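Working notes for the structure below.
The basis for the numbers below is simple: all heavy atoms, side chains too, and nothing from hydrogens, waters or symmetry mates. Being a predicted model, the structure only gives us computed values, none of them experimental.
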Amino acid sequence: MLQEGIQASLLEGPAQVPRSPLWLPKSSVSSLRLQQLERMGFPVEQAVVALAATGRVEGAVSLLVSGEVGAEALVTQGRSGLAHPEGPGPP
């Protein structure tokens, strides 16, 4: 379900500005796949979003290279997420 939501938000295009940032725990994606993307030079936040959307390194690279992943996501370290400075965190 998370992947479907992320994919839907990616398909909306750059004209759609999210009302609030996307909260994703870093642990929601494969650490080995994330390391591969980090070694390729992609920012961690964008790599997590791309992996969450596709589940595959190849798909994530495609999204990242084509510029389809924005920088609006807030990646947290754990499953529960970190407290947002302006609120309690993810809904």
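With R33 contributing its side chain and G55 its backbone, the two residues share a donor-acceptor pair below 3.5 Å. A donor-acceptor distance shorter than 3.5 angstrom exists from the side chain of T54 to the backbone of A50, with no hydrogens or angles considered.
Here the CG-CG distance, from L51 to L37, works out to 4.5 Å after rounding to the nearest 0.5 Å.
Across V44 and K26, no two heavy atoms sit closer than the pair CG1-CE, 4.0 Å. Residues A52 and V29 come closest through the heavy atom pair N-CG1, 3.6 Å. Here the closest non-hydrogen pair linking A53 and L63 is CB-CD1, 4.1 Å. In terms of heavy atoms, L34 sits closest to A47 at CD1-CB, 3.6 Å.
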Starting from the C-alpha separation in whole Å, work towards a yes-or-no answer on side-chain contact (heavy atoms from CB on, under 4.5 Å) for V57 and M40.
CA-CA 11 Å; V57 172; M40 292 178 198; 4.1 Å; yes
What's the verdict on side-chain contact (heavy atoms from CB on, under 4.5 Å) for F42 and V48, showing C-alpha distance, side-chain angles and the deciding distance?
CA-CA 10 Å; F42 295 108; V48 170; over 6 Å; no
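When side chains are defined from C-beta on, Q46 does not count as touching V49, because their heavy atoms never get closer than 4.5 Å.
The only option from P25, S31, S30 that meets the side-chain contact (heavy atoms from CB on, under 4.5 Å) definition with S27 turns out to be P25.
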